[in-house]
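The structure appears below as structure tokens.
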Number of protein chains: 2
Amino acid sequence: MGKGERAVRIGELSRRTGVSVPTIKFYVREGLLPAGRLTSPNQASYEEAHVRRLRLIRALLDVGGLSVAAIREVIAAIDDPERPVHKMLGEAAARLVPRYERASGGAARAENPAEGSAAVARERVEEIIAARGWRTYRGNPAGEALVAALQALEEVGHGRFAEVLDVYAEAAEKVARADLEYVARNVAREDLVESVVVGTVLGDAVFESLRRLAHVDASDRLFGREEAPGEATGPVAPDAG
Amino acid sequence: MGKGERAVRIGELSRRTGVSVPTIKFYVREGLLPAGRLTSPNQASYEEAHVRRLRLIRALLDVGGLSVAAIREVIAAIDDPERPVHKMLGEAAARLVPRYERASGGAARAENPAEGSAAVARERVEEIIAARGWRTYRGNPAGEALVAALQALEEVGHGRFAEVLDVYAEAAEKVARADLEYVARNVAREDLVESVVVGTVLGDAVFESLRRLAHVDASDRLFGREEAPGEATGPVAPDAG
DNA sequence: TGCTATCTGATAGCCCCACTATCTATGATG
DNA sequence: CATCATAGATAGTGGGGCTATCAGATAGCA
């Protein structure tokens with residue numbers, strides 16, 4: 001109670017979150033943030049929940065790269081109290097698949113040189129799911145996004161990238177398991193959905209960053225020293241394994 | 001040699017890639033795509049390279065979510081022939097860190113409740129890098145992005161998420177190793193940078209999708225049946241399909 | 001009681017981005 | 001020769017995420 005439990009006006013809410021007053025009002029208008037409790041026709045008070053919510057919004061926006069519209073839907077799922085946990089998680093998750101909007105229609109309807117790449121990709125996805133024994137459902141947007149990504153790889157001439165998919169799937173499974181265990185260990189039931197959202201979105205950012213860091217290291221070991229002396233002559237092994 | 005080695009005009013280029021003629025012109029103006037070779041004052045011919053480049057652009061845009069500006073820089077790095085491999089990779093990679101622009105300044109300059117979270121996050125990042133023995137360099141944007149992500153987690157009340165970072169790092173390392181091995185095995189030297197770009201961006205999309213799929217499975221196992229009576233039992237509610 | 005800083009709620013505007021439309025002059029094509 | 005496609009240029013469009021401005025009301029202090 002000592003901390004910040006007192007109600008504040010919009011000015012201090014702004015100061016405590018680093019979000020400008022007009023922007024806070026904008027979020028309220030957009031339905032991302034509940035309005036303050038009116039204490040008089042032109043005064044409203046905001047509580048700790050508003051601070052948390054604002055931080056959530058900024059995290060999803062800045063770090064997670066979600067759009068305001070996506071955040072609105074995610075938040076609607078978070079706030080709806082009458083929804084079985086499992087369904088909530090599913091619906092929240094469905095909003096967290098970016099990069100997909102235009103991707104599915106994209107080059108697919110072009111005169112297709114690597115024709116049937118959609119079908120091939122879809123098949124590969126089903127293989128992986130089966131191999132891993134994952135339970136999922138048809139039409140899962142994550143699956144569609146994966147199909148789109150594999151298809152894009154194919155069209156860009158990296159169809160063989162599918163070779164390493166098993167490594168990816170194995171890694172993804174381990175990470176997902178760790179995510180869920182973390183949630184089970186640390187999160188109260190009423191915060192479940194919010195935590196899953198946060199973990200999903202920010203977890204992506206975390207993993208991407210780590211992968212970049214690991215790339216630098218791996219690339220350094222593989223290609224780094226080969227051009228130290230004079231020129232690049234070293235063992236790039238462009239073909240053999 | 002039936003394939004597509006012949007030069008074509010813009011109309012067919014458009015048909016073969018699914019990108020509209022005005023949009024192709026736009027990409028040329030924006031420096032993403034080299035202009036066609038003029039055969040007369042108002043006729044130009046485009047080659048297979050243009051087709052490939054266009055597909056690359058669409059993949060980065062649609063699946064990778066890069067901006068036109070980012071793609072321009074990436075492509076400049078790809079096209080510059082006089083650059084040591086290692087530097088090229090580094091510079092290309094530096095362009096592939098999204099979600100970071102506003103993130104670093106964000107809530108940091110607010111009156112900070114979990115104060116010093118930036119310093120804590122930075123320390124944690126250095127710990128991980130040291131523990132993994134990764135070689136990197138100060139100011140690596142991937143590191144900064146990771147700091148921002150951890151800081152956002154902290155501010156949203158998930159500081160303990162750092163507990164699972166080791167799992168993430170381990171997974172990222174394995175994936176990165178697989179990426180580099182794939183590149184070494186399959187990619188000719190002159191295509192190295194392009195492949196790294198593609199692999200980095202589309203690899204993110206692939207991993208994210210896989211992680212979502214794995215989440216569904218893990219969440220199903222953990223929370224799926226606990227509310228079975230009368231509600232969504234069985235192998236996950238088949239929403240679509 | 002007056003004075004000023006702050007607030008609510010509303011409307012309008014801004015800037016960036018990824019295109020898209022339109023136009024002219026020219027040449028390709030059957 | 002008639003029609004179509006094209007290059008190159010300029011202008012416009014729609015969406016997204018804010019930002020500016022305003023009127024009228026209140027807070028809080030001298």
Side-chain angles (χ1 to χ4, degrees), chain A residues 6-47 50 54 57-73 75 98-99 101-103 105-107, chain B residues 6-46 50 54 57-75 98-99 101-103 105-107:
Chain A
R6 71 194 191 287
V8 299
R9 291 188 296 166
I10 204 171
E12 188 169 344
L13 180 60
S14 169
R15 250 169 278 121
R16 287 179 57 184
T17 57
V19 180
S20 78
V21 170
T23 298
I24 292 174
K25 288 182 175 182
F26 168 72
Y27 292 156
V28 172
R29 283 201 304 281
E30 292 295 311
L32 305 192
L33 188 68
R37 190 174 46 83
L38 278 180
T39 61
S40 73
N42 69 336
Q43 297 288 306
S45 73
Y46 301 83
E47 336 250 317
H50 289 93
L54 261 177
I57 292 168
R58 297 309 300 197
L60 297 181
L61 208 47
D62 293 339
V63 183
L66 297 208
S67 69
V68 164
I71 295 175
R72 177 167 43 235
E73 299 187 46
I75 277 178
R99 321 170 186 283
E101 309 105 49
R102 287 179 308 180
Chain B
R6 72 196 189 284
V8 298
R9 290 187 298 165
I10 203 171
E12 188 169 345
L13 179 60
S14 168
R15 249 168 280 122
R16 287 178 57 183
T17 58
V19 180
S20 78
V21 170
T23 299
I24 292 174
K25 288 181 176 183
F26 168 71
Y27 291 157
V28 171
R29 285 201 303 279
E30 292 293 312
L32 306 192
L33 189 68
R37 190 174 46 82
L38 278 180
T39 60
S40 75
N42 68 337
Q43 295 289 302
S45 74
Y46 302 83
H50 289 94
L54 261 177
I57 292 169
R58 297 311 297 197
L60 297 182
L61 209 46
D62 293 340
V63 183
L66 296 208
S67 69
V68 165
I71 294 175
R72 176 167 44 235
E73 299 185 46
V74 161
I75 277 179
R99 321 170 187 284
E101 309 105 49
R102 289 178 307 179

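Throughout, protein chains are lettered first and strands after them, A, B, ... in sequence-line order, and every chain is numbered starting at 1.
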Nearest to side-chain heavy atoms of I10(A), which nucleotide of dT26(D), dC18(D), dT8(C): dT8(C)
Separation of [X] atom [atom1] from [N] atom [atom2], in whole Å?
X	N	atom1	atom2	value
R29(B)	dG12(D)	CZ	C1'	12 Å
E30(B)	dC19(C)	CD	C1'	10 Å
R37(A)	dG9(C)	CZ	C1'	18 Å
L38(A)	dG9(C)	CG	P	5 Å
H50(A)	dT8(C)	NE2	P	11 Å
N42(A)	dC7(C)	CG	P	11 Å
F26(B)	dA7(D)	CZ	P	17 Å
I57(A)	dG17(D)	CD1	C1'	13 Å

Residue closer to the 5' end of DNA chain D, S40(A) versus P22(A) (nearest nucleotide): P22(A)
5'-most by nearest nucleotide on DNA chain D - S20(A) or T39(A): S20(A)
Counting only side-chain nitrogens and oxygens, does [X] get under 4.0 Å of the OP1 or OP2 atom of [N]?
X	N	result
Y46(A)	dC7(C)	no
Y27(A)	dG17(D)	no
T23(B)	dT20(C)	yes

Non-hydrogen side-chain atoms of L54(A) and Y46(A) separated by less than 4.5 Å: no
Donor-acceptor pair present, R15(A) side chain and dT6(C) base, under 3.5 Å: no
5'-most by nearest nucleotide on DNA chain C - V68(B) or K25(B): V68(B)
Interatomic spacing from CG in L32(A) to OG1 in T23(A) - rounded to 0.5 Å: 11.5 Å
CZ on R16(B) to NE2 on H50(B), rounded to 0.5 Å: 12.0 Å
P41(B) to L38(B) - nearest heavy-atom pair and separation: O-CD2, 4.4 Å
Sugar-phosphate, base or nothing in reach of R9(B), heavy atoms under 4.0 Å: sugar-phosphate
Main-chain N/O of R9(B) paired to S45(B) side chain as donor or acceptor, under 3.5 Å: no
